[in-house]
Amino acid sequence: MTADSSEEQAVARPVQPISTYRQIGALYRRHAVILLILGVVILTPLALVEVLTRDVGTIDTDEGLLLSLSNLVVVALRSASTLFGEIFYSGAVALLVLHSHESSKLLLRDVYRKLPFGRLVALDFLYTGIVFVGVVLLIVPGLIFMTWFWLSGAIVEVEGRRPIAALRRSRNLVRGSFWPTFAVVIPLTLGTSFLSGLGAHLTVDVLGHSMVGEWLTEAIWDVLVTPLYALGVIVVLVRLSGRRID
């Protein structure tokens, strides 16, 4: 029996937004300690990169080619580190949730060895490009593309597919449950972004507007909020693919 045929025989469960959010919350509570530890280790250094490069793009580049090139290097560093962190963290969360019986033995080096970084980076560029084109086409197509292909990164991590196959697989899974999935994807994407931004805005006054204060503010809210998004992707994939969480 092929992998595709076995996937077709798996019994998908409906994506009911309320119960999906409840499961996300339950998984967060169940794995909170490890999720937060992973967040501190993986996301905190990236928050420093975010703070250090926040003003890039506002610098006057008329002073010469050297300054322009330095800005380009910093932007590339920021993009690469953010992408690496998102891939690494989401991969760790996927391994944690789908193999919870091994969670006590989960090591960062194990995550690093198991994740197909090349495929995930290629997929990220494809996904971002597709959604960007959709947004340019009057926003609505962008939201549709975002929903169709939202699971593709997790599919690469969990099922080991190549980028194009992962995009196709994500669309096939979502196609029969588009609106329920949409009701999870968009609020979760916008909600986590809003919570992170609001929390940072309120907390920075307490920790101070110094570089250290802004770094701690950014890191704290990234560590607290990012698990919600990562868990959401895994929960929806599990439901639509007929998988089970240990």
Side-chain angles (χ1 to χ4, degrees), residues 14-29 32 35-36 38-39 42-43 46-47 49-51 54 57 78-79 81-83 85-91 93-94 97 120 123-155 157 166-167 170-171 173-175 177-204 214 217-240:
V15 177
Q16 299 171 333
I18 299 301
S19 65
T20 298
Y21 289 128
R22 286 176 180 167
Q23 188 173 7
I24 292 169
L27 287 170
Y28 196 130
R29 292 191 297 272
L35 286 170
L36 296 178
L38 286 172
I42 298 171
L43 301 176
L46 301 180
V49 175
E50 175 77 18
V51 170
R54 183 167 289 160
R78 180 177 182 177
S79 301
S81 63
T82 300
L83 177 59
E86 291 174 350
I87 290 172
F88 200 29
Y89 186 78
S90 62
V93 171
V97 172
L120 287 167
L123 175 65
D124 186 80
F125 282 112
L126 284 172
Y127 177 78
T128 303
I130 290 170
V131 173
F132 176 77
V133 169
V135 171
V136 170
L137 297 174
L138 301 179
I139 297 178
V140 173
L143 298 178
I144 293 173
F145 295 159
M146 183 185 295
T147 305
W148 275 351
F149 305 123
W150 193 55
L151 303 177
S152 53
I155 289 170
E157 293 162 357
L167 291 169
S170 178
R171 183 177 181 276
L173 287 174
V174 171
R175 186 166 48 188
S177 302
F178 178 83
W179 289 113
T181 303
F182 182 90
V184 173
V185 173
I186 303 305
L188 195 59
T189 301
L190 297 179
T192 53
S193 178
F194 174 77
L195 283 175
S196 183
L198 177 63
H201 176 74
L202 296 175
T203 308
V204 73
E214 292 183 3
T217 297
E218 193 83 28
I220 287 169
W221 288 98
D222 282 351
V223 169
L224 290 175
V225 173
T226 303
L228 295 172
Y229 184 89
L231 288 170
V233 178
I234 297 301
V235 169
V236 173
L237 175 61
V238 164
R239 288 182 175 231
L240 291 180

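Note that the coordinates shown come from a computational prediction; the quantities given were computed from them, not determined experimentally.
Atom CG of Asp222 is separated from atom CD1 of Ile42 by 12.0 Å, given to the nearest 0.5 angstrom. Of the inter-residue distances, the one linking Glu157 atom CD with Ser152 atom OG reads 9.5 Å to the nearest 0.5 angstrom. Here the OG1 atom belonging to Thr226 is positioned 12.0 Å from the CG atom belonging to Leu38, to the nearest 0.5 angstrom. To the nearest 0.5 Å, the span separating CG on Leu36 from CD1 on Ile220 amounts to 11.5 Å. Rounded to the nearest 0.5 angstrom, Leu123 CG and Leu167 CG are separated by 5.0 Å.
Evaluation of the side chain to side chain contact (heavy atoms under 4.5 Å, CB included) rule for Ile144 yields Val140, Trp148, Phe178 as partners, not counting sequence neighbours. With sequence neighbours excluded, no residue forms a ring pair (Phe, Tyr, Trp, His ring centres under 6.0 Å) with Tyr21. When the side-chain hydrogen bond (donor to acceptor under 3.5 Å, both in side chains) test is applied to Arg22, no partner is found at least two apart in sequence or on another chain. Scanning for side chain to side chain contact (heavy atoms under 4.5 Å, CB included) contacts around Phe194 gives Leu198, with sequence neighbours left out.
Residues Ala183 and Pro17 come closest through the heavy atom pair CB-CG, 3.7 Å. The two residues Leu188 and Leu228 make their nearest non-hydrogen contact at CD2-O, 3.8 Å. Shortest non-hydrogen contact noted between Arg239 and Gln16 is NH1-N, 4.0 Å. Summarising the geometry of Thr20 relative to Val15, their closest heavy-atom pair is OG1-CG1, 3.8 Å, with the distance given to 0.1 Å.
Taking 4.5 Å as the limit, every side-chain heavy atom of Val174 sits out of range of all side-chain heavy atoms of Val185.
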Contacts table for residues 229-238: side-chain donor-acceptor under 3.5 angstrom, sequence neighbours left out:
| residue | atom | partner | partner atom | Å |
| --- | --- | --- | --- | --- |
| Tyr229 | OH | Trp150 | NE1 | 2.8 |

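The stretch residues 188-204 participates, sequence neighbours left out, in these side chain to side chain donor-acceptor pair (under 3.5 Å) pairs: Thr203-Trp221.
At most 12 heavy atoms of other shown residues, nucleotides or ligands fall within 6.0 angstrom of atom CD1 in Ile18.
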